[in-house]
Each structure stands twice: as C-alpha cells, then as structure tokens.
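The next block holds one structure in the form of structure tokens; read it before the comments.
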Amino acid sequence: MIGKKSETITEDEAALYDRQIRLWGLDAQKRLRSSRVLVAGACGLGAEVAKNLVLAGVKSLTLLDHRPVTKLDLIANFLVPEDCLTQNIAEASQERAQDLNPMVEVHADPDQLETKTDEYFRDFDVVCITNCTGEEAMRINNICRQHNILFYMGDVLGMFGFMFADLGDHEYVEEVKEKSETEDASGQKHIVEETKMVRRTESFVPMSQALQVDWTSNKYASRLRRTTESYFMMLTIFEFQSLHGRKPDASQRETDIAELLTIKNALMDRLSVPREKVGNQFASLVFGQLSPVCAIVGGVLAQEIIKAVSQKDQPHNNFFFFNTSDGSGVVDNIGM
Ligand SMILES: *[C@@H]1O[C@H](CO)[C@@H](O)[C@H](O)[C@H]1NC(C)=O
Ligand SMILES: *[C@@H]1O[C@H](CO)[C@@H](O)[C@H](O)[C@H]1NC(C)=O
C-alpha cells in the first residue's frame, strides 16, 4: 500500500487539519482521509475510538451495534443523548459523532455483528471490534486477514482494558537518525547526523494463534515470568463471555466473582500455568465500563489505527493491556 496515490486535499481540509498535518505530515492525512473504518460495539470504548477517528478525519466511519440504549450506556457512551433510552444505540450515537466533523461520513448500522459476512467487511479498510466474544472476534479477524483489512479488537471491563491488533504483514516507514563521518577539504573529520526515512515490515499473527500459546513449550515457559497477568485475565473473561453470552454483571456480583475465579483456576490448570500467576482480586474489578479506562484504551486504539493507516511508525504488535490499579500500560507480543 505504500506509495498509493491519494487525491489532493481541499483548502477547507487543510485549514481544519492544519495542526495534525504539522504533526504527522500531509501524506499521512491523505491516507487517513481515504480510509473507511468500521467500529463495532457502541459501548464506552467504541464511542472513544469513533470520536478520535472522526476528529482525525477518516473518509467514513460506520458504527455498528444492534442493542438498545440502556441506563448504563448513558453513563458510558457520551455520544448518546439522554432522551434516546431504548433506541438503537448505533443510531442514537450517530448525530453527535457527525457533529464532531462534518467532513467525515458517519453511518450507523443497527444490525447484529454476528449476521455480517465476508462481503460486508470487504467495504472497509479498518475493522475495530469492541464488546464482543473471543469467538466472534476470531471469526472477523480471519475474514479481515483474507482480504488485507487492518483488524483491531479491544474491550474495557471495569478497571481493566486491552486491545489486540492483526495487521498481517504491515509495511511502514520510520524516521531514523544516522550518524556518519565526513571529511572536509582540509582532511578534517566531522560527525554529521542525518534523518532518513526507512521502510520496514512488521508481521502479525491472527488472534486464534495469539490466544493458543503452549505455555509448557521452551519458548513460552521461559517467557511466563515476564508475561503480564493481564493476558490470562483476558483469557478468563473471554471464557466467561463464551459460557454465559454476556459480560460479568454488577446485579449478580457475588455469583459472577465466584464464577470468574472458578473459570480462572480451571483455565490456569489446563494451560499448566500456576494459579497464583493471576491474583484473585481481579474478579471484583471487572464490572461495568469506567470512562477514564475507555478514554485511555480508546486513545491508544485510535492512535494505533491512525499510525497503521498512515503507514508511519512502528505499530504495537500485538497486545496492549491497561491496569488501572497501578496505572500501567503494557505492550506484549504473544503468539509469534
Ligand atoms: C456488551 O454486550 C453485551 C451483550 O453481549 C451487553 O449486554 C452489554 O450491555 C454490552 N456492554 C456495553 C458496555 O455495551
Ligand atoms: C494491576 O496492578 C496491581 C498493582 O500493581 C497488581 O496488584 C495487579 O495484580 C495488577 N493486575 C493485573 C491484571 O495486571
């Protein structure tokens, strides 16, 4: 995709995007404004990603979600006006998202993600899935991989958030500073520093591979200590969602905490990873969606999408985990 010709930018666009063009360059802005993005899941995290990408100036952004607006959504998703209770949440978010930037086509799709097939996803350059099960994310990841669509998924549960990316074999350019020695006419040596643009490729693995690592293999057994416990916490949540068809629910808090711990222990035994790798306290911290966590993970997700679309700078490969307790963000590469 590098070197793809993009159309020129209008005067209005140049004025609106002036600050960003100075930040990431005109070529990056042109690539951005020709990209069509799907954000599935109009939850707090989906709203953050959508807002950031609409402000940045993508060509089009489609918000997909079949659910009705609930009282909890009014707290988590700032794109939904208060008088929209029980309306479709994607449609209810559309107007405020559009108001952020009239130059972006903002669409709402009230269908269910599960009903969408190959053909639907092929109309997008970037697909970002939030608030869905691991199985569904893997299905869509495989479709995206087949059609060279940039794939992202992420979620926020209570104080915990994460994202995953599969960009296939992703080409990008990076600025590198190089020192070299030159000799002037009098034979004196000088060190000069040059900035060069270097082309690189970063290879990703599909989510199915990133979630099915053999922790007894030499490679991964030796990495276990360095691997964040958040990864195993995420696996536990995926399993909870696929068993119960929902996220942990605050209205049945005690039952769900016990169930999360049961799932976690069985999972760790199955993976031959010591149960203590993930402390039990996590189970009480994964209810609802905390807005500041959505803002952080949504900020990282959107930044990664902008980076990948503009093909500038090295992308995070392949997980990012955010832990509110200690305020840490961790990038880890798992499944290679
Ligand atoms: C996420 O999806 C579940 C159904 O799978 C739904 O019950 C829940 O309200 C959604 N959460 C958010 C924050 O959108
Ligand atoms: C988050 O950070 C706290 C404080 O350092 C730690 O006790 C906890 O285990 C961490 N949780 C995860 C999932 O990394």
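When a ligand or atom number is given, it counts from 1 through the structure's own listing order. Please read these numbers as outputs of a predicted model, since none were measured by experiment.
Classification of K177 and E193 as a salt-bridged pair fails, no side-chain N sitting under 4.0 Å from a carboxylate O. In summary, D332 and R223 engage in a salt bridge, as defined by a charged side-chain N under 4.0 Å from a carboxylate O. By the 4.0 Å N-to-carboxylate-O rule, K247 lies too far from D256 to be salt-bridged with it.
For ligand 2, the polar-atom distance check against N323 finds a nitrogen or oxygen pair separated by under 3.5 Å. By the 3.5 Å distance cut-off applied to N or O atoms, S230 is counted among the residues near ligand 2.
Residue V293 comes nearest to G161 through the heavy atom pair CG1-N, 4.2 Å, listed as atom of the first residue, atom of the second, then distance.
Listed by number with element, the atoms of ligand 2 under 4.0 angstrom from any heavy atom of D326 are 2 (O), 4 (C), 5 (O). Which parts of ligand 2 touch M233 is read off a 4.0 Å heavy-atom cut-off, strictly below it: atoms 13 (C).
In this structure, atom 9 (O) of ligand 2 lies nearest to the protein heavy atom E229 OE2, 2.6 Å. Shortest contact from atom 7 (O) of ligand 2 to any protein heavy atom: Q281 NE2, 3.8 Å.
Because its NZ or CZ atom is not both nearer than 6.0 Å to the ring centre of F151 and within 45° of the ring axis, R145 does not count as a cation-pi partner of that residue.
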